[in-house]
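Source: prediction; values computed, not measured.
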Number of protein chains: 2
Amino acid sequence: VSSRFAAVDWGTTNRRIYLIEDGVVARAERDGIGVSQMTPEAWPGEVVAIRSRFGVDKVLLAGMVGSTIGWRTVPYVAVPAGLAALAAGVVTVDTETAIVPGVSVHTSTRGDVMRGEEVQFLGAVAARQVPEDALLCQPGTHCKWATIRDGAIADFRTTMTGELFALLRHHSILALQLRGEVTADDAFHEGVAEGEKRDLAASLFGARAASVLGIRDDAAAASYVSGLLIGGDVAARLDGSKCVVHIIADAKLGLLYRSAVEQLGGSATVIDGEAAFVAGIVAIERRMQ
Amino acid sequence: VSSRFAAVDWGTTNRRIYLIEDGVVARAERDGIGVSQMTPEAWPGEVVAIRSRFGVDKVLLAGMVGSTIGWRTVPYVAVPAGLAALAAGVVTVDTETAIVPGVSVHTSTRGDVMRGEEVQFLGAVAARQVPEDALLCQPGTHCKWATIRDGAIADFRTTMTGELFALLRHHSILALQLRGEVTADDAFHEGVAEGEKRDLAASLFGARAASVLGIRDDAAAASYVSGLLIGGDVAARLDGSKCVVHIIADAKLGLLYRSAVEQLGGSATVIDGEAAFVAGIVAIERRMQ
């Protein structure tokens with residue numbers, strides 16, 4: 001039985017389209033036509049265009065396309081959520097078009113949601129890039145930390161780490177200081193050490209005072225504040241344990257998180273997100289048959 | 001000996017002018033002519049106008065007027081800083097015009113700065129509104145926490161609590177949720193309890209997820225997020241101790257901080273900032289003679 005379909009990782013601001021033949025990527029495209037660029041009436045035509053461009057009938061969509069700002073609102077699958085639960089929760093738009101659900105945590109004490117990252121997390125497990133019991137991290141604007149147990153997403157937590165950095169860089173009193181590049185340099189490590197104190201509002205003004213008093217060069221401030229935010233995020237997740245964090249990220253962000261994890265006593269691996277997505281969407285498509 | 005002078009609490013966006021006769025306020029004005037509204041050449045004329053409007057010769061200025069964006073850059077006085085140190089650090093512009101210095105912390109591990117709040121802190125001590133050994137808090141865009149020992153500012157820390165709330169309210173993914181009023185209601189107290197975990201980046205996204213999942217009404221989100229930020233700030237400062245916090249604030253912000261302090265095991269008093277400023281500037285002016 002041969003399988004051929006287009007898989008789309010359709011996020012808020014970007015999308016990636018993969019032509020998948022017998023579980024292997026035959027062709028890939030990336031563009032800026034994110035969900036926020038779409039109007040409600042544009043969806044059917046856009047998917048017809050993908051079908052025609054890639055010469056396929058079957059299209060499987062994941063990510064924000066299934067949210068309230070997407071094409072169809074696909075209900076979240078509650079944790080624990082494995083590949084079978086995701087496949088069972090797929091919503092079909094027509095016989096050849098389907099949308100993968102997101103995953104939610106909804107207990108008496110807290111709630112959390114993800115859409116798109118679940119395919120990568122479970123894909124990394126399916127491809128044996130990570131063990132069936134593991135802590136996974138996908139950094140970004142909203143960083144996702146998932147606990148995998150018996151191959152399923154048992155729990156997860158989203159942190160606004162990347163968004164906080166962007167807010168500070170563009171709109172805060174620190175904006176002028178934060179124009180530099182972020183690298184895993186000494187200032188970054190100083191930031192991680194400060195971030196471990198988990199006293200963000202105080203530490204941030206410290207970056208301002210360090211500039212006023214000439215304690216730290218403004219060129220180093222971006223790395224310092226990035227370290228502060230990432231260090232605080234990692235410290236809260238490790239909470240003193242020395243576990244392994246499997247980081248799904250591009251090389252640059254992967255290196256920053258890995259450096260912070262290692263500085264705070266853990267160890268880390270960095271996994272490519274596109275390969276994880278493909279492994280996940282192939283595994284879901286197989287379970288739908 | 002009778003004393004008559006104008007005292008100006010000249011901040012970044014506002015200023016308050018007091019005509020002080022024998023230690024008592026004879027007249028007060030408040031306007032939006034903050035330091036950021038002034039051009040370098042406008043300072044002398046503006047102070048001449050104050051002199052003429054209030055019928056005084058002597059003018060004593062405090063706050064951001066002494067910063068690099070103010071009239072003259074007045075060097076910070078390092079902690080420990082009492083009234084005598086502030087009076088000794090005053091910079092005279094001419095025989096009748098002087099600017100009070102700010103206070104700095106500059107150790108091997110951290111730096112911090114304040115300009116203007118020091119007059120209120122030491123004024124509250126001079127007026128016996130607080131003891132000579134006390135923890136004081138002045139909430140705001142940049143919240144100042146000062147440790148008073150033997151009547152002097154022994155140490156202090158600035159937190160970006162108010163600025164973070166403004167950034168989130170105006171520019172973040174939470175912006176639409178945060179349009180409501182902030183009051184010390186149940187949602188605020190839930191936020192304080194969450195803030196005590198000192199895991200801000202995660203707790204903030206929790207406010208988003210609570211909206212998506214229908215766990216918390218968006219009308220309550222502003223109080224919740226305010227509680228989260230203030231609770232995190234207070235928890236980091238109390239750090240488990242049951243001390244008394246003397247809060248220098250207007251009634252609304254004073255109530256929020258007081259509620260958070262009491263919820264987290266401390267106790268609190270709320271002190272009026274204008275009276276504290278006047279007590280402080282009178283005490284400094286006396287020491288200059």
B:D186 atom CG: more than 12 heavy-atom contacts under 6.0 Å: no
B:R149 CZ: over 12 foreign heavy atoms closer than 6.0 Å: no
Heavy-atom contact with chain B under 4.5 Å, split by part of A:S104: side chain
Heavy-atom proximity to chain B below 4.5 Å, by part of A:R237: side chain
Leading residue by heavy atom contact count with chain A [cutoff under 4.5 Å; candidates B:S67, B:S172, B:A235, B:A166]: B:S172
Distance-minimising heavy-atom pair for A:A209 and B:G111: CB-O, 3.4 Å
Which atom of A:K197 lies closest to which atom of B:R198, heavy atoms considered: O-NH2, 3.1 Å
Can you confirm whether [X] sits close enough to [Y] that some side-chain heavy atom of one is under 4.5 Å from a side-chain heavy atom of the other?
X: B:E163; Y: A:L204; value: no
X: B:T158; Y: A:R208; value: no
X: A:H142; Y: B:I173; value: yes

How long is the span from the [atom1] atom in [X] to the [atom2] atom in [Y], to the nearest 0.5 Å?
X: A:D199; Y: B:R157; atom1: CG; atom2: CZ; result: 6.0 Å
X: B:K144; Y: A:F205; atom1: NZ; atom2: CZ; result: 4.0 Å
X: A:L164; Y: B:L200; atom1: CG; atom2: CG; result: 6.5 Å

B:V113, B:D112, B:V105 screened by side chain to side chain contact (heavy atoms under 4.5 Å, CB included) with A:L213, the one that passes: B:V113
